[in-house]
Chemist: 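Right, I'll just put the structure down here and ask away after.
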Amino acid sequence: MTTFASGTDTLTRDALTVLQPGFTGTTAPDWLLRRLGEGLASVGLFGRNIATPEQVAALTAQLRAERDDVLVAIDEEGGDVTRLEVRTGSSFPGNHALGAVDDVELTRDVAAELGRRLAACGVNLNWAPSADVNSNPANPVIGVRSFGADTALVARHTAAYVTGLQSAGVAACTKHFPGHGDTAVDSHHAMPRIDADASVLAERELAPFRAAIAAGSRAVMSAHILVPALDPDHPATLSRTVLTDLLRGELGYTGLIVTDGMEMQAIAATYGIERGSVLAIAAGADAICVGGGLSDDETVRRLRDALVAAVRSGELPEARLAEAAERVRELARWTATVAPAADGAGREDIGLVAARRALRLTAPSPFTPLTEAPFVAAFTPVANIAVGDETPWGVAAELARLLPGTETGGYTGEDAARAALEAAGDRRVVAVVRDEHRHPWMAAALDALLASRPDTVVVEMGVPQAPSRGALHIATYGAARVCGRAAAEVIAGE
């Protein structure tokens, strides 16, 4: 068992236990190992910590040599949001593609295979799935991370995902409670607000979380959103009404409540991370996620000291902090004792199978596959922070494999169509767009391109809200690597 450093009192250990910090580098720094010896119980991994599966396995082994019951968490949704395959693109389509197929057994199998790969690397807590109902098509941060806009569909696939992931011995963390789908603001940048009334929230936002709880989700992540019908004064992460009265009381949830990243501007710019962390634990959260942006020992020390000071001043009941720390330890015990389902070694190709099934093809006449290398014009929006800009996306790499000589260029803004046409020359054009309905410049560029070159093939890799057009329109429902491969196979007639 883990031996804690002498001199670390119970209060300080509990304050460290509720933190889920990140760090930089592909090996554990000395400060992190020291904090594990003092009581830190969780570590979050991000793209910057990952080079290869073998390296991640060595890193998690290094952490467990210091504390054998450490929770190693990751933000691995598959699809557009991938950390394990941050530099190559995901082997799994995201939620929106799985929702488009609407086969709950497929969703469960994809999540189980993803879970097996995480477990093989030593990861035992995944900050996924997103249970948000993407009811607002203009949502800048959820989009293809959601199973869809239909509540019942999102609920059944959320439950299937939780079941599949946890069958591999990896705890699911269903997010973003009470639902981030009906927002027009990204909480990484500011405080979103949902003005739906309580009856709408109960029927729409909360239904997938009820399904996740019924499926046994071991963790739930709170959202940094203001929902006045539930609490007019505090964002969900800091609201006792939302976390304790609603999630614990009304929904009967007994597992771990994790905050979304506390350095996100919705909290950091309004309350500060120290004050925000104290308020979150007081409201009913059990674990403080921090480290996507702030990833050093000073951050851990600041949050630890803020929690200890709040207890000593009487602002935060010591029993509440102790209860939170015990829930972290309870989840650690579950991950140490749960046995992965003995249903075979999994299916390495299940992600590609799912991506192929998700494709929706529209053509005004029979489409003749390309036999010569095309020019791929990628109309590129700015990536949201959750997705990041490290992960490649599109179809160019996969088309180049099938049609050697394929070239590509990325374009944005009012001049995008002219620049793409000039670069393409006489070659057949494949236009790649992402959430065209959210970017007027992109729609205008695609219209101008098609007016000049109506034989253009269009690949839509975001939420497919815009009208289908082109000689062939392929909706992939996501921009994962396997989605690009599935589209490329159709274009090249593979």
Side-chain angles (χ1 to χ4, degrees), residues 79-80 88-91 93 96-97 100-101 144 349 351-381 391-412 416-436 439 442-464 466-494:
D80 290 28
T88 60
S90 182
S91 300
H96 212 55
V101 178
V144 294
D349 67 338
L352 180 58
V353 169
R356 288 168 175 159
R357 289 183 61 187
L359 294 183
R360 297 294 180 268
L361 313 178
T362 307
S365 58
F367 175 72
T368 302
L370 276 58
T371 56
E372 296 183 358
F375 183 82
V376 178
F379 294 142
T380 309
T391 306
W393 67 283
V395 299
E398 295 295 339
L399 270 177
R401 182 177 58 83
L402 300 174
L403 297 171
T406 295
E407 295 183 13
T408 188
Y411 306 95
T412 188
R418 185 201 61 77
L421 285 166
E422 185 176 294
D426 295 332
R427 287 167 290 183
R428 185 78 174 269
V429 178
V430 175
V432 183
V433 295
R434 192 172 182 174
D435 290 342
E436 178 203 342
H439 303 284
M442 192 184 297
L446 187 55
D447 286 339
L449 179 61
L450 287 165
S452 178
R453 299 287 292 275
D455 64 345
T456 292
V457 174
V458 178
V459 181
E460 164 60 84
M461 305 197 82
V463 177
S468 299
R469 48 217 205 269
L472 173 66
H473 188 109
I474 305 174
T476 63
Y477 293 83
R481 175 171 52 83
V482 286
C483 297
R485 178 174 172 182
E489 289 173 346
V490 171
I491 294 168
E494 289 289 309

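Just so it is clear, the model here is predicted, and its values are computed rather than measured.
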Chemist: So do His439 and Phe379 actually touch side chain to side chain, heavy atoms under 4.5 Å?
Modeler: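 Of all side-chain heavy-atom pairs linking His439 with Phe379, none is under 4.5 Å.
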Chemist: Looking only at heavy atoms, what is the nearest atom pair of Val395 and Met461, with distance?
Modeler: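 Closest heavy-atom pair between Val395 and Met461: CG1-SD, 4.4 Å.
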Chemist: Give the minimum heavy-atom separation between Pro93 and Gly351, together with the two atoms involved.
Modeler: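 Looking at all heavy atoms of both residues, the shortest contact is CD-O, 3.2 Å.
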Chemist: Enumerate the residue pairs fulfilling side-chain hydrogen bond (donor to acceptor under 3.5 Å, both in side chains) with a member in residues 469-480, sequence neighbours excluded, ordered by first and then second residue.
Modeler: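 Only Glu436-Arg469, Asp447-Arg469 qualify under side-chain hydrogen bond (donor to acceptor under 3.5 Å, both in side chains).
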Chemist: When you measure from the side chain of Asp80 to the backbone of Ala479, do you find a donor-acceptor pair of N or O atoms at a distance under 3.5 Å?
Modeler: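 The answer is yes, because a donor-acceptor pair under 3.5 Å joins these two groups.
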Chemist: Over all heavy atoms of both residues, which pair between Ala354 and Val101 is shortest? Give the atoms and the distance, please.
Modeler: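 Ala354 and Val101 have their closest heavy atoms at O-CG2, 3.9 Å.
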Chemist: Atom CG of Leu449 and atom CG of Leu421: how far apart are they, to the nearest 0.5 Å?
Modeler: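 So the CG of Leu449 and the CG of Leu421 are separated by 5.0 Å.
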Chemist: Would you give me the side-chain donor-acceptor pairs under 3.5 Å for residues 364-373, sequence neighbours excluded?
Modeler:
none

Chemist: Go through the structure and list residues passing side chain to side chain contact (heavy atoms under 4.5 Å, CB included) with Ala423, not counting sequence neighbours.
Modeler: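 Listed in chain order: Phe375, Tyr411.
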Chemist: Mind checking salt bridge (Lys or Arg N to Asp or Glu O under 4.0 Å) for Glu494 and listing every partner two or more places apart, or none if nothing turns up?
Modeler: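 If we apply the salt bridge (Lys or Arg N to Asp or Glu O under 4.0 Å) test to Glu494, skipping adjacent residues, there are no hits.
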Chemist: Hey, what do you get for CZ (Arg485) to CG (Leu399), rounding to the nearest 0.5 Å?
Modeler: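 These two atoms lie 12.5 Å from each other.
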Chemist: Restricting to salt bridge (Lys or Arg N to Asp or Glu O under 4.0 Å), what partner residues turn up for Arg357, sequence neighbours left out?
Modeler: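 For Arg357, the residues satisfying salt bridge (Lys or Arg N to Asp or Glu O under 4.0 Å) (neighbours in sequence not counted) are Asp103.
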Chemist: Minimum heavy-atom separation for Pro374 to Thr406, with atom names?
Modeler: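 Taking every non-hydrogen atom into account, CD-OG1, 3.2 Å.
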Chemist: Please enumerate all residues that pass salt bridge (Lys or Arg N to Asp or Glu O under 4.0 Å) together with Glu460, with sequence neighbours excluded.
Modeler: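 If we apply the salt bridge (Lys or Arg N to Asp or Glu O under 4.0 Å) test to Glu460, skipping adjacent residues, there are no hits.
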Chemist: Drop me the distance from Cys483's SG to Ile474's CD1, to the nearest 0.5 angstrom.
Modeler: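 Between atom SG of Cys483 and atom CD1 of Ile474 there are 11.5 Å.
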Chemist: Rounded to the nearest 0.5 Å, how far does CZ of Arg481 lie from CD of Glu398?
Modeler: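 Answer for the CD-CZ pair, Glu398 versus Arg481, is 7.0 Å.
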Chemist: What's the verdict on side-chain contact (heavy atoms from CB on, under 4.5 Å) for Val432 and Thr408, showing C-alpha distance, side-chain angles and the deciding distance?
Modeler: CA-CA 10 Å; Val432 183; Thr408 188; over 6 Å; no
Chemist: State, with a plain yes or no, whether a side-chain heavy atom of Val490 is found less than 4.5 Å away from one of Leu472.
Modeler: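 Of all side-chain heavy-atom pairs linking Leu472 with Val490, at least one is under 4.5 Å.
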Chemist: Compare every heavy atom of Val459 with every heavy atom of Ala487, then report the nearest pair and how far apart it is.
Modeler: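 Smallest heavy-atom distance, with atoms named: CB-CG1, 4.2 Å.
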Chemist: Looking at Gly470 and Val458, what are the two nearest heavy atoms and their distance?
Modeler: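 What the structure gives for the nearest pair is CA-CG2, 4.3 Å.
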Chemist: Could you tell me whether the side chain of Arg418 and the main chain of Ala416 form a donor-acceptor pair under 3.5 Å?
Modeler: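 No, the answer is negative, given that no donor and acceptor are paired below the 3.5 Å cut-off.
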Chemist: If we ignore hydrogens and angles and just use 3.5 Å, is the side chain of Arg434 paired with the main-chain N or O of Ala378 as donor and acceptor?
Modeler: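 Not confirmed, Arg434 side chain does not pair with Ala378 backbone.
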